[in-house]
Structure formats: C-alpha cells, structure tokens
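What follows is a single structure, written as structure tokens, with notes after it.
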Amino acid sequence: MRTLQVAAGRGAVACAATPVPRRSLLLSTAAAGAALQSEQVPLRLTRNVPGAAAKFRASADAAQAATFATTDEAFSWAKKDNRRLLHVVYRVGDIDKTIKFYTECLGMKLLRKRDIPEEKYTNAFLGYGPEESHFVVELTYNYGVDKYDVGAGFGHFGIGVEDVAKTVELIRAKGGKVTREPGPVKGGKTVIAFVEDPDGYIFEIIERPGTPEPLSQVMLRVGDLDRAISFYEKACGMELLLKRDNPEYKYTVAMMGYGPEDRNAVLELTYNYGVTEYAKGNAYAQIAIGTDDVYKTAEVVKLSGGQVVREPGPLPGINTKITSILDPDGWKSVFVDNIDFAKELE
C-alpha cells in the first residue's frame, strides 16, 4: 500500500498543520470543531447547556427511525430521499482576504457573515445564489490561526463560467495564482484552467455557459474508486453520473450527485493508479447534505458499512437535527434535516 504525502493527479497544496478550536452552530459541525488529530472523535457542538445531554438522549430515543425490513429497502429509500448538496466547509487563515478574492476574482457574493468572539471563530457563506437553492462555500476563520495543511487528499473546487480565458485574466490581474493556463481538458474538448486561492485551495475554472449552479464540483481523492462509488450510491443515495478512465495519465474519475452535472453541484472522486491512501491535512472539513430524515439516513449508512461519528438527533440548544458520517476513505459528510435547515435560514 502506498501512501501519498504530496499532491498527486489533479492538484493539492500543502501548508503547515496547525491545531484549531471548535465551532458550535448549525450545519458545519467540523468547521472549526474537528479534533484534527482524529476525525473520528465526536465534536462538541455547542456550549454546555444544563440537562442538554439527557434531553438529547431522550429526544434521540423517541425519534428513532423505523427499522428497514431489508437492506434493499434502505438503499431504495435513500435514493428517494429529498437530498441535495448544501455547502462545503473549510478553514482559511485570513477570512477578509479570502472573501475579497472570491467576490472580486471568482464572482461570488457574500451571503452572510457572523463573528462568534466567545468561541473565537468567524464564518462566512459565499456563493452564486441563495442558500435555499444553491450550493455554497462556508469559510471558517479561527482566531490566531493563519495557516492550514490542505493535504494531498483534497483536490479542487469547480466553478462554471461563461469564458475561462477572461476569468483567468481577471484573476491574474487581481494577483491570483494561475496554476494551469486555459485550454482543453486532457483527452477532451472542455476548456478549463486551474487557479489557487490565498490559502492554497485549487479551483478548476470550467467553461460552462448558462449553468444554473456555477459552484459545480468538490473533488476528493480516494483509494478504491469502486468502493467509494458503491458507498455514495447506497449510503448517500447519489447517482453515478459519469465514470472516465485516463490510462495515459494514470487516473480514473467518477462524478457522483443528485442530478445532472451541468445543473447541479457534484462530488468528483479521483483514483490515482496505485495510490490507496492520502494525507488529508486539517484544512478541508466536510460537505453538508440535506435529508428528510437524519435517523433513517444514519441507519442506511450503517447498513452500507459506513461509520456514523455523530448519532442522529437535534443539536442541544438549537434543535437542528443532524448526523455525521465518514466514507471508506475517511471523508466526512453531515446530513441536515431539510425542514430545520429552512428554519435556520429564515
């Protein structure tokens, strides 16, 4: 088994690793809160509330999902569940600098920003449309932490634009770093380019005019592509939208999601030949996914052989129901109750 400690395939950037504190609110349960030395440690999600633990256990016991009669029934339910990618969470060293880059160079809008001084972190949500209907990014700045290890496992975010060349010119003029000049993708015709944000996260700029969802991809590297595809199909109810092997460049990609790639954000899984494990760093956190039932979701994940790292139930003091899981490669997803999510955005 070969472990990759440096970037492989389609671009990752490493920075110095720095432990960070937790964050507390709503959907992004790992934004500043993951115990970075181990993704499998349950997170402290809020400040201590008297009796919260007992109330949480009672609520979870009372709201347990009905047991599925068969695994096929469970997987079928996951396919029919009302799911979509809500946002992707990651940490940055200078949130104002990153906001400036995303709004001026990438054309995103700042949707909301909040500072939580008692918890020593700041959040910012950015995207190309309202959170109620669009996939967005959630940036987290932890006081005093200015650098993170992006790792070799994280690949890139994808953004669809009208004109790649013009976008790259603007990014370069603003001082952005272009790591791959505009041109056709290897083995295809789609025009792409790669740029790097102030924290070393890579963005693939994709020429895709008229797309209703410009923030279109999150690319993660996996050690066994077929295993990962099976997990996301069964546990997460995603569809395999595309699978493409590139033997000349020794990698295979699979696009997974809840709708056509040209209209929805998707998860791009990349397998580099012979690489079975990656160093994940402490910068990238997780993807949040909407669901109609976090209890049933957790049950499906367990039946799929996945790991539930936070049992389903409401967050103490907030009542938003979530459950957190790990895929076979250790990448984290948080499922969030759709109704609760809508209430949080009111």
Side-chain angles (χ1 to χ4, degrees), residues 22-35 38-46 49 52-68 71 73-89 131 135 138 218 220 228 230-238 256-258 267 284-345:
R22 65 179 179 87
R23 70 153 289 184
S24 60
L25 297 177
L26 187 53
L27 311 176
S28 307
T29 56
S38 172
E39 286 194 45
Q40 302 184 23
V41 177
L43 304 178
R44 294 183 299 152
L45 296 169
T46 64
V49 178
K55 290 179 181 178
F56 170 76
R57 287 193 297 271
S59 177
D61 291 342
Q64 284 295 333
T67 302
F68 292 104
T71 54
E73 180 185 334
F75 299 150
S76 177
W77 175 84
K79 288 286 187 182
K80 297 174 183 177
D81 187 23
N82 183 28
R83 296 183 176 181
R84 74 175 180 92
L85 300 182
L86 301 178
H87 59 245
V88 60
V89 186
E131 292 177 67
F135 185 57
E138 179 184 347
V218 176
L220 302 173
S230 178
F231 177 83
Y232 281 101
E233 284 181 324
K234 294 177 179 178
C236 298
M238 292 185 182
M256 310 290 300
Y258 297 110
L267 181 62
Y284 174 86
Q286 66 201 26
I287 288 179
I289 302 171
T291 176
D292 286 337
D293 193 320
V294 296
Y295 300 96
K296 287 184 177 180
T297 292
E299 187 176 351
V300 173
V301 170
K302 291 174 182 178
L303 289 171
S304 305
Q307 184 177 2
V308 175
V309 292
R310 188 195 189 281
E311 291 295 331
L315 294 173
I318 301 177
N319 295 322
T320 297
K321 294 182 288 296
I322 71 164
T323 189
S324 302
I325 71 168
L326 297 181
D327 77 359
D329 290 274
W331 295 115
K332 189 174 185 179
S333 297
V334 173
F335 284 86
V336 185
D337 180 270
N338 286 323
I339 294 177
D340 292 346
F341 175 68
K343 290 179 181 178
E344 289 287 347
L345 295 179

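What's counted below: heavy atoms across the whole structure, side chains too, no hydrogens, waters or symmetry copies.
- Considering CD of Gln307 and NZ of Lys332, their distance stands at 10.5 Å, rounded to 0.5 Å.
- Side-chain atoms of Asp337 never come within 3.5 Å of backbone atoms of Lys321 as a donor-acceptor pair (strictly under, hydrogens ignored).
- Here the straight-line distance linking atom CZ of Phe231 with atom CD1 of Ile325 works out to 4.0 Å at 0.5 Å rounding.
- Partners of Asn338 by side-chain contact (heavy atoms from CB on, under 4.5 Å), not counting sequence neighbours, listed by chain and number: Asn82, Asp292.
- At least one side-chain heavy atom of Trp77 sits less than 4.5 Å from a side-chain heavy atom of Thr297.
- Here the closest non-hydrogen pair linking Ala298 and Val308 is O-CG2, 3.8 Å.
- In this view, Asp327 satisfies the salt bridge (charged side-chain N to carboxylate O under 4.0 Å, His left out) rule with no residue, not counting sequence neighbours.
- Separating the OG1 atom in Thr291 from the NZ atom in Lys296 is a distance of 9.5 Å, to the nearest 0.5 Å.
- Salt-bridge annotation for Glu311 and Lys302: present, with a side-chain N of the basic residue lying under 4.0 Å from a carboxylate O of the acidic one.
- Judged by distance alone, with hydrogens and angles left aside, the side-chain atoms of Thr323 form a donor-acceptor pair with the main-chain N or O of Arg310 at under 3.5 Å.
- Ring pair Tyr284/Trp331 is perpendicular by interplanar angle, where above 60° counts as perpendicular and below 30° as parallel.
- With hydrogens and angles disregarded, a donor-acceptor distance shorter than 3.5 Å links the side chain of Arg83 to the backbone of Cys236.
- Asp81 has its side chain out of reach of Asp293: every pair of non-hydrogen atoms, C-beta onward, lies at least 4.5 Å apart.
- Between the CG atom of Leu220 and the CG atom of Asp329 there is a distance of 9.0 Å, given to the nearest 0.5 Å.
- Checking side-chain atoms of Glu131 against main-chain N and O of Leu345 turns up no donor-acceptor pair under 3.5 Å.
- Listed for the Lys79 side chain is a donor-acceptor partner under 3.5 Å among the backbone atoms of Met238.
- Smallest separation of non-hydrogen atoms from Gly313 and Val294: N-CG2, 4.3 Å.
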Stepwise, does the side chain to side chain contact (heavy atoms under 4.5 Å, CB included) test hold for Arg84 with Leu86? CA-CA 6 Å; Arg84 74 175 180 92; Leu86 301 178; 3.6 Å; yes

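- Side-chain contact between Asp340 and Asn319 is absent, with no heavy-atom pair separated by less than 4.5 Å.
- With a 4.5 Å cut-off on side-chain heavy atoms, Val300 and Phe75 count as touching.
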